[in-house]
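Here the structure is laid out as structure tokens; the discussion comes afterwards.
Remember, it's 1-based here, ligands and their atoms both numbered in the order they're listed. Computed from a prediction, not measured in an experiment: that's the story for all the values here. Values below: every heavy atom of this structure, side chains too, minus hydrogens, waters and symmetry copies.
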Amino acid sequence: MSRVAYVNGRYQPYRQASVHVEDRGFQFADGVYEVIAVIGGRMVDAEGHIVRLERNLDELRIAHPMSRAALQVVFEETIRRNRVDFGSIYVQVTRGTARRDFPFPAGVRPTLVAIAKPLDRAKIAANAAKGVAAITTRDQRWARCDIKSVGLLPAALAKQQAKEAGAFEAWLVDEEGRVTEGSSSNAWIVTKDGALVTRQLDNGILSGITRSAILALAKAEGLKIEERAFTPAEAYEAREAFVTSTTAFLMPVTSLDGKSIGNGAPGLLSGKIRALYEVYADSQAAGELPSAPYLAP
Ligand code: PDD
């Protein structure tokens, strides 16, 4: 089946879908994006993602391409036309197209692109059952990681480093020697006394929608939660570790920098929270539960 992309008001076959050579996303990484999970052909936590998108646009003073309701319709139509049952939708908004000049151009319309693709749920679940390896590397990103900017070069370099080390994810370490987050996920550990630890929201990390949903589930379970930074040394000694993201849900991390975490197998708590999240995500997409909120830093 041929794939269809939404570009500035039109649904086009991939081969014809394109943006201008002077799009500011291409020239300056002047744009933001979202990735939203799709289950049963419907988005998970659409509202949380759209609120985050709008907040990120406002932070960068990029005009909203359309209303919230209209965005939702475009995303649903992109999913439908690509016949995605389980997968994700990728949405990118840039400041627009203008003759190359650093300051913001006046009167341009933002560029809106949406593409949808299927993902293999069984394969993701199989990965989660085995657990994945992670490495640590220096966080080389900018000072506004709360914005989901399309300027992803440091994240791509870190992910490549992880790949070359046979790992799934790279955990980024700030100048104080603390883990900020994964290159495309939030990072969590479970301490020896059973507390769930993930970094507090600030400009150093993206406020993940999956993180927000999982915090709510963990609170409802009465788990002890600590929103604070932790070091790689603390992670090596942790009972469990995992990452969360739209496309991985909750992925157990069983080794960090080649050192086994816990007994080297996915942890019990990680498995339990992952199962809770799967039920949550299925019900949320089906419209039976409200969207996890976007938690502003
Ligand atoms: N990444 N931190 C970073 C740096 C991310 O890029 C992501 C998501 C997350 C998790 O956020 P959420 O739970 O809202 O997906 C945290 C997406 C999936 C990506 O870039 O493909």
In this structure, does ligand 1 have an atom that sits under 4.0 Å from one of the heavy atoms of [X]?
X    : result
Y33  : yes
R52  : yes
S183 : yes

Flag [X] as yes when one of its N or O atoms lies below 3.5 Å from any N or O atom of ligand 1, and as no otherwise.
X    : result
K148 : yes
T247 : no
S184 : yes
T210 : yes

> Knowing that exactly one of D146, D174, D139 qualifies, which makes a salt bridge (Lys or Arg N to Asp or Glu O under 4.0 Å) with R199?
Replying inline: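 One option only clears the test, and that one is D174.
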>> Restricting to side-chain hydrogen bond (donor to acceptor under 3.5 Å, both in side chains), what partner residues turn up for K224, sequence neighbours left out?
In response: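 Residues passing side-chain hydrogen bond (donor to acceptor under 3.5 Å, both in side chains) with K224: E226.
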>> Distance check, rounded to the nearest 0.5 Å: N82 atom CG versus I89 atom CD1?
In response: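 Going from the CG atom of N82 to the CD1 atom of I89 covers 8.0 Å.
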>> Quick one about T136 and D257 (side-chain donor to acceptor, distance below 3.5 Å, no hydrogens or angles considered), yes or no?
In response: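 Yes - a donor-acceptor pair under 3.5 Å links their side chains.
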> Looking at residues at least two apart in the chain, or sitting in another chain, which of them share a side chain to side chain contact (heavy atoms under 4.5 Å, CB included) with L217?
Replying inline: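 For L217 the side chain to side chain contact (heavy atoms under 4.5 Å, CB included) partners, ignoring immediate neighbours, are L276, Y277, Y280.
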> Hey, is R141 touching ligand 1 through its side chain, its backbone, both or neither, going by heavy atoms under 4.0 Å?
Replying inline: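 Contact part for R141 vs ligand 1: side chain (C-beta onward).
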